[in-house]
Amino acid sequence: MKFANGIHAITNEQYHSSEGISRSDLMRFKKSPMHFKHKPVAEETEALIIGELVHTLVLEPELFDIKFVLKPVLDKLPTEVRLKDVGKEQFEAYKIQRKIIQDNNKKVMDEFQSISAGKRIIELNHYTKAKTYADAVNNHMFKQYLLQGYRVENSIFFRHELTGLQCKVRPDAWLGDIVIDLKTSADASFRAFQSSAVTNGYYLQAGMIKRALESLNKPLKNFIFVVVEKKEPYAIGIYKLDDEALEYGANEFDTLMIELNKFIQKNEFPDYGIQTLSIPAWLK
């Protein structure tokens, strides 16, 4: 599926199945050109499911019931017994109890079938976790700055100026020259998140969004991460990238795109190749 360059209000599924080089593609390319070429089949992990739920509960709560439905929890049937073991009276009571539970479960499932069409079915434990994280963000003083008017989960397709290749980004929330990115983390402290930003390509992500907005003749002055921890007390970290960090991410993006384009032009996507293994500096 190919979209024209510009802003598109499409679903998350449409975005991920569309053409265009994404941050995930470039992160695989950093590992090796072969990893870029062989895109893995997307797996719906628990982390991805919970992340999407948190985004909706914080940024688009009015859409939650439209997009998702909780999988019902059915009552368990009583432990099976035999007439010869418990006697007639207890066995008849067991059958009545079992029939009542079966009828109630059928009623619940019939109602569920009528309301779940076209919606994603969510496990209760996933919703419970996501609701806890979302509540932490929604109750934080920063939430007041998430004003109406933000573009939420809009996709931007754009031409990379130095290579001509089409790229794509999907800012969580964007208003004017401000982009807000919502993340969950095992550790939202400054040093831990700074390390995660390097490991997981968050500077690269911001740099790509900077270039995407530039393609629309719109500046990016404030890129803000809102990070919520996934364990009590569900602390929040708010981190604004400075100008140097934004420029670093944009330059990393340009460098990776130029290198990637060389392999695309040659249609060669090698693996790790032959390298000399030396003692790392930290070990010395």
Side-chain angles (χ1 to χ4, degrees), residues 12-13 16 23-24 27 42-76 108 112 115-116 119-148 150-153 169-175 178-206 209 222-242 245-246 249:
N12 200 40
E13 290 75 20
H16 287 294
R23 181 193 58 156
S24 297
M27 292 299 288
E43 295 183 8
E44 195 174 49
T45 64
E46 179 179 284
L48 289 176
I49 294 171
I50 292 175
E52 185 174 355
L53 293 176
V54 171
H55 278 68
T56 303
L57 288 168
V58 172
L59 301 173
E60 299 176 297
E62 71 281 0
L63 297 183
F64 186 87
D65 290 335
I66 298 174
K67 296 169 63 174
F68 305 104
V69 62
L70 291 180
K71 183 178 180 180
V73 178
L74 301 179
D75 292 332
K76 292 183 178 180
V108 169
F112 174 72
I115 65 172
S116 61
K119 300 180 182 181
R120 288 186 60 190
I121 300 173
I122 301 300
E123 299 283 348
L124 178 60
N125 65 317
H126 291 161
Y127 171 76
T128 301
K129 290 180 181 180
K131 182 70 163 54
T132 301
Y133 309 152
D135 285 348
V137 178
N138 287 329
N139 293 330
H140 193 273
M141 58 176 290
F142 183 80
K143 182 63 189 295
Q144 65 183 302
Y145 297 105
L146 284 174
L147 305 176
Q148 291 185 353
Y150 274 88
R151 293 176 179 268
V152 176
E153 299 282 1
V169 296
R170 191 174 171 86
D172 287 348
W174 162 40
L175 176 62
I178 301 172
V179 168
I180 295 175
D181 192 82
L182 178 61
K183 295 194 182 298
T184 59
S185 176
D187 188 344
S189 65
F190 178 85
R191 294 181 69 87
F193 186 73
Q194 187 179 55
S195 177
S196 294
V198 175
T199 302
N200 298 317
Y202 296 160
Y203 293 112
L204 173 62
Q205 173 190 3
I209 292 175
N222 298 283
F223 194 101
I224 302 169
F225 290 105
V226 179
V227 192
V228 55
E229 285 185 340
K230 296 186 287 186
K231 56 187 177 183
E232 289 187 299
Y234 309 108
I236 306 289
I238 299 174
Y239 303 108
K240 175 184 177 298
L241 293 185
D242 62 20
L246 269 176

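Everything numeric here is computed off the predicted structure, so don't read it as measured data.
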Do the side chains of [Y] and [X] get nearer than 4.5 Å, heavy atoms only?
X    : Y    : result
V137 : D135 : no
V227 : T184 : no
W174 : V152 : no
E60  : Y150 : no
N222 : V179 : no
V58  : N138 : yes
E13  : R120 : yes
E153 : R170 : yes

Roughly how far, to the nearest 0.5 Å, is the [atom2] atom of [Y] from the [atom1] atom of [X]?
X    : Y    : atom1 : atom2 : result
H16  : L48  : NE2   : CG    : 7.5 Å
R151 : L59  : CZ    : CG    : 15.0 Å
L57  : L63  : CG    : CG    : 11.0 Å
K129 : T132 : NZ    : OG1   : 10.0 Å
S24  : L204 : OG    : CG    : 9.5 Å
I236 : N139 : CD1   : CG    : 9.5 Å

Which residue, F64, Y133, F68, forms the ring-ring contact (aromatic ring centres under 6.0 Å, His included) with Y127?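 Among the candidates, only F64 passes.
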Positive for ring-ring contact (aromatic ring centres under 6.0 Å, His included) with F225, one of Y203, F142, F190, F193: F193
Show your reasoning for whether side-chain contact (heavy atoms from CB on, under 4.5 Å) applies to L53 and I122. CA-CA 9 Å; L53 293 176; I122 301 300; 3.7 Å; yes
Does the [X] side chain pair with the main chain of [Y], one donor and one acceptor, at a distance under 3.5 Å?
X    : Y    : value
T199 : S195 : yes
H55  : L182 : yes
Y239 : A188 : yes
D187 : S189 : yes

Atom [atom1] of [X]: over 12 foreign heavy atoms under 6.0 Å:
X    : atom1 : value
K71  : NZ    : no
K67  : NZ    : yes
K231 : NZ    : no

Atom of L241, atom of A206 and distance for their closest heavy-atom approach: CD1-CB, 3.4 Å
M27 and N200: which non-hydrogen atoms are nearest, and at how many Å?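 So the minimum-distance heavy-atom pair works out to CE-C, 3.7 Å.
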Should K183 and D181 be marked as a salt bridge (charged side-chain N to carboxylate O under 4.0 Å, His left out) after you check the CA-CA gap, both sets of side-chain angles, and the distance that decides it? CA-CA 7 Å; K183 295 194 182 298; D181 192 82; 2.9 Å; yes
